[in-house]
Amino acid sequence: MQAASRESYAAALARLEGHVAGTEPSTVAGTGAELLSVADLLRREVRLRRALSDPAREGADRTGLLNSVLSGKVGADTLDLLGTLVAGRWSAPSELLDGAEGLGVQALLASADRADELGEVEDELFRFGQVVAADPQLSNALSDPMAPVAQRAELVGMLLTGKARPVTLRLAEAALAGFGGRSFTAALSRLVELAAERRDRQVAYVTVAALLTEEEERRLGDRLSAIYDRQVAVKLTVDPTILGGVSVRVGSDLYDGTILRRLNETRNALAKR
């Protein structure tokens with residue numbers, strides 16, 4: 001987002017935190033689901049998205065248009081939060097869509113936080129991403145942009161209903177819709193990171209050849225926390241093809257100490273002789 005859009009989004013996000021305080025988690029989750037539904041509407045209705053972000057119209061005019069479209073169709077909290085969004089300045093209509101999506105996601109994460117389930121939601125999203133990545137046929141089915149989102153959401157529902165929390169399911173559906181303009185797998189990863197950020201943690205994606213013990217994983221997490229001077233949530237992937245060693249990615253930082261990487265370097269060096 002550009003500066004004006006970031007400022008407008010920050011104002012709506014601050015208002016969301018005010019709504020969250022003292023509110024039942026289920027109510028906050030309902031607001032989050034409604035916000036994402038409105039984001040879906042804005043994704044489909046380009047003219048409405050443009051009108052609600054038109055800098056030539058006064059903020060009150062844009063808010064009035066919003067109320068005429070959504071009054072009686074969403075809850076009062078949802079309407080209030082969206083009103084704060086559209087009253088602000090937006091650098092582009094697409095950034096208003098990003099703001100509505102982001103606000104919906106943050107509301108769902110806040111509901112899980114208030115229910116003391118945010119860590120579990122974070123882990124469920126990560127594990128679901130691993131399941132999808134390990135099955136090329138499933139990955140292709142869920143990532144196919146030609147397939148309707150509703151159709152793909154039915155598949156996600158079959159996979160997650162009864163096995164994950166409702167908030168996890170709704171966030172996975174947001175990933176299907178291309179949260180933030182990302183691919184499905186990239187959107188899932190971003191949602192994991194946002195959940196960690198809300199818990200004041202940074203995500204470390206760790207790949208090993210064999211499963212670590214709980215003690216080894218704890219020591220690795222402690223070491224990374226010391227390096228980055230904040231709590232680190234370790235997300236572990238087992239990949240026997242790396243043969244041994246460990247690969248760690250934290251943000252843009254990558255440490256690849258795998259045997260596979262060393263073998264590839266040796267092979268490349270020999271090929272140049």
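Atom set for the values below is all heavy atoms of this structure, side chains included, hydrogens, waters and symmetry mates excluded.
- Remark: side-chain polar atoms of R152 are paired, donor with acceptor, to backbone N or O of A147 under 3.5 angstrom.
- A donor-acceptor pair is defined here as one N or O able to donate and one able to accept, closer than 3.5 Å; such a pair exists between the side chain of E124 and the backbone of R165.
- Geometric assessment of R182 against the ring of F179 yields a positive cation-pi assignment under the 6.0 Å and 45° thresholds.
- Of the charged side-chain nitrogens involved, none lies within less than 4.0 Å of a carboxylate oxygen, so that E122 and R198 do not count as a salt-bridged pair.
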Let me see the working for E95 and S53 under side chain to side chain donor-acceptor pair (under 3.5 Å), right down to the final yes or no. CA-CA 9 Å; E95 295 191 351; S53 58; over 6 Å; no

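- Between the side chain of R199 and the backbone N or O of D113 there is no donor-acceptor pair closer than 3.5 Å.
- The backbone N or O of R89 lies less than 3.5 Å from a partner atom in the side chain of S8, making a donor-acceptor pair.
- Note on D40 versus R44: no salt bridge recorded, every NZ/NE/NH1/NH2 to OD/OE distance being 4.0 Å or above.
- The distance from atom CG of L79 to atom CG of N67, rounded to the nearest 0.5 Å, is 4.5 Å.
- Between the side chain of S139 and the main chain of P136, no donor-acceptor pair closer than 3.5 Å is present.
- In this structure the side chain of L236 never reaches within 4.5 angstrom of the side chain of F126, judged on heavy atoms.
- Looking at every heavy atom in both residues, L108 comes nearest to A33 through CD2-N, 4.2 Å.
- Taking 4.5 Å as the limit, every side-chain heavy atom of V208 sits out of range of all side-chain heavy atoms of E216.
- At distances below 3.5 Å, not a single donor-acceptor pair connects side-chain atoms of S111 with backbone N or O atoms of S26.
- Under a 3.5 Å cut-off, the side chain of T27 and the backbone N or O of T23 do not form any donor-acceptor pair.
- N140 is linked by a side-chain hydrogen bond (donor to acceptor under 3.5 Å, both in side chains) to nothing, counting only residues two or more places apart in sequence or in another chain.
- Between the S68 side chain and the L65 main chain, a donor and an acceptor come within less than 3.5 Å of each other.
- Atom CG in L85 sits 9.0 Å away from atom CG in L66 (nearest 0.5 Å).
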Applying side-chain contact (heavy atoms from CB on, under 4.5 Å), run through L159 and V131 and close with a yes or a no. CA-CA 10 Å; L159 294 168; V131 169; over 6 Å; no

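- In this structure a side-chain-to-backbone donor-acceptor pair under 3.5 Å is missing from Q202 to Y228.
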